[in-house]
Every structure is written in structure tokens, then in C-alpha cells.
Protein chains: 2
Amino acid sequence: MRQPHEVFLDYLRRRNLNMTPQRAVIVETFLATEGHFSCEELCTMVRKADAAIGQATVYRTLKLLVDSGLAEPLLAGEGPVLYEHSYGHGHHDHLVCLNCNGKIEIVDQVIEDQQEQLAREHGFTLTRHSMILYGLCPRCQNSDHRKD
Amino acid sequence: MRQPHEVFLDYLRRRNLNMTPQRAVIVETFLATEGHFSCEELCTMVRKADAAIGQATVYRTLKLLVDSGLAEPLLAGEGPVLYEHSYGHGHHDHLVCLNCNGKIEIVDQVIEDQQEQLAREHGFTLTRHSMILYGLCPRCQNSDHRKD
DNA sequence: TTTTATGCAAAACTTTTGCAGCGGG
DNA sequence: CCCGCTGCAAAAGTTTTGCATAAAA
């Protein structure tokens, strides 16, 4: 399997864009960060490596990462858009706890197949999808630490 | 089945809030509007009925509508959050065309059941979910009017 | 009279854009 | 030399908040 770094370089080449020191730092930081984070948060982490990198550059580069297929936005609603890297993770959906905000990755082939089937019935060609299940995780069901 | 109007009044009572002329106009306009719309758009429509109603009041009331279960936010990503009324429509998910932005409502019992099953496997108690399938609708697959 | 609602304008928050200057091919 | 890249700061788009006033309980 091709390394994410390679994937990004190929993408830049295809788009006639250049690798730059800033982009290198941002991509490296992005790949080294697990979990879900906003662009603002990525920005903060990038600046630990190089404080001179502008916020706009991080936004612009994250957009390239999404376009290249390495990053995926998680549209959960409130606040800023969260991202995660899709490289080496495979596709997955999310189970989100409404209380502690914890996120579990889930995959279900039955659902994936059914989604394709549904799209076909309506003549759609599917590109991607987003499925988020909201509820209470086991811990929060039994704890008194409810937000409400 | 209880009328949406009643549902809202009950909600207000439960929260010790009052029905007001402004809220009445906003709820009425909201219920009379089909499809998906942003709060800004609702605001414009509300003002056709009463130009003196402030934008903040519309935002505040729409929040109450969501809380009361009459309105549902559709978290599709770009731009403002879109809403629809959930009263009398039953639960459904969406098939969204990436080109023309058209939205089709879909329901699939197999998927719904599987979601419950998945949640159970992880010990989650599900409250709600959001599933959006993105792709190209039949019209846009065959047309030259692509955005890109 | 005490609480709740409202409208306005300002603020907040996230993301995008304009622009002048820099730098690599 | 040209074109892309960058940082900065300003702008844009959407939603929330503070506050003084008005209305309701």
C-alpha cells in the first residue's frame, strides 16, 4: 500500500502544485494526529513545530488533504468541522455519545450494501456518505455525570 | 395524532414559557413551509407576515422548535444549517445530489434495524441519527450542467 | 412587581479572501 | 521572469449575546 506521503505528492503533481516546507509540516502534523480535530486545533499543533506558519495556510492545506482523499470531514453539527485522516483507516461511520462526546468508529457491511441498493433504486451514483448515530454510551448511561 | 400547534404549546407549558404573538407567527410560518430551509430563509418568510419581528427572535424560536421535536436540523455541511419539520413526516434520511443540491427523502427499515443492532452491540442507547448519502442524481449524471 | 420576551446592534466564531511580497522552477 | 505560495489582516457568513425596553403573569 502506498504511503500517505506519496499519495499527497502524487496529488500535488496531478494538480501542478508544489510541495513546500509549510505543507510538509502541516501534512506531517496532520498524519501524526489521531482522532478528531478541528482545523483550528491542527493549526495550534502545527505551530508547535513551526510558529511562523499562518492559519490561512493550514486551512488551505487541509482543504488539499480532503481533496486528495487523505482527510475526511466529520459533519457532526455544532461548532467547527472536525477532521480525521482516512488513510489506512478504511471507511467507517460514527457512534457519538451525546453526554461525553466520545466517538466510536463503526462499520457494517449490511448497511453499506443497503445504502448502495437505495441509491440504485433512485438512480443515484453514490460518491460518499455520512452516518452518525447519536445516543448515550454505556458509561454515561450509568453515571451521574450527565450534562443536563 | 396531536396537532403540531398543541405539541408546541405543551412544550412551552412544560418549560414555563409563554406563547407570544411573535412565536405564533414564527411557528405558523415554519409549519407552512415545506422542504429544507435555513433560519435566515425562515426569517425572510416570517417578515412577510410581520416585518417587525427581529432576526434574533426567529433564531431563538427555531431553537425552541428543535427542542420541542417539531423541527429537525439537517447537518449537510456547507453553509447554514438547514431545517425541516419533523411533524407528520416520520423519520427519514436523505439522498443529496452533489451537483444540483437536490434532496430526496429515504427510509429503509433494514438500515434502521441494523443501526439499532450496532448500537446495542456497543452498549449505546440511541437517541437519533443522521444519514446522508451523497452522489449524483439521474438528471445530473446525464446533463452537461455540471458545476465542475 | 417580578419574570419573561423582544428588537437592535454588537460580538463571537469559523472560514475565506485580497493583497503585497517572496521564492522556486 | 512567471506563477504559485505565504502571512497578515480584513472580510464574509452564520449564529449568539448584552442590554434596555416592553409585555405578561
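Chain naming here is simple, since letters A, B, ... match the order of the sequence lines and numbering starts at 1 in each. All of these numbers come straight from a predicted model, not from anything done at the bench.
Of the candidate nucleotides dT14(C), dT14(D), dT17(D), dT17(D) has the atom nearest to the side chain of Ala56(B). Distance from the side chain of Tyr59(A) is smallest to dT16(C) among dT14(D), dT16(C), dT6(C). With distances taken from any side-chain atom of Thr20(A) to the nucleotides dA9(C), dA5(C), dC5(D), the minimum falls on dC5(D).
Listed pair Thr57(A) / dG7(D) meets the phosphate criterion, a side-chain N or O lying under 4.0 Å from OP1 or OP2. Note on Lys63(A): every side-chain N or O is 4.0 Å or more away from OP1 and OP2 of dT15(C).
Distance CG (Asp50(A)) to P (dT6(D)): 11 Å, rounded to an integer number of Å. When the C1' atom of dT6(C) is taken as reference, atom CD1 of Ile53(B) falls 10 Å away, rounded to whole Å. In this structure, Leu62(B) atom CG and dT16(D) atom P are separated by 9 Å, rounded to whole Å. We find that CG of Leu12(B) is positioned 12 Å from P of dA25(D), with the value rounded to whole Å. Across the protein-nucleic acid pair, Asn16(A) atom CG and dG24(C) atom P stand 18 Å apart, rounded to whole Å. Residue Gln22(A) contributes atom CD, which lies 11 Å from atom P of dC8(D) at whole-angstrom precision. Here dT14(C) presents its P atom at 13 Å from OH of Tyr83(A), a figure rounded to the nearest Å. Here dG7(C) presents its C1' atom at 9 Å from CZ of Arg47(B), a figure rounded to the nearest Å.
Checking Cys39(A) against Asn18(B), the closest nucleotide of DNA chain C that is more toward the 5' end is the one next to Asn18(B). For the pair Met19(B) and Arg23(A), nearest-nucleotide mapping onto DNA chain D gives the more 5' position to Arg23(A).
Summarising the geometry of Val81(A) relative to Leu74(A), their closest heavy-atom pair is CG1-O, 4.2 Å, with the distance given to 0.1 Å. Across every non-hydrogen atom of Asp93(A) and Ser130(A), the tightest pair is OD1-C, 4.5 Å.
One donor-acceptor pair, N or O on each side, does fall under 3.5 Å between the base of dG7(D) and the side chain of Arg60(A).
Inspection of the Thr125(B) and Gln141(A) side chains reveals an N or O donor paired with an N or O acceptor under 3.5 Å. Using a 3.5 Å distance cut-off with no hydrogens or angles, the side chains of Gln109(B) and Asp113(B) do pair a donor with an acceptor.
Classification of the Phe37(A)-Phe30(A) ring pair by plane angle, with boundaries at 30° and 60°, yields perpendicular.
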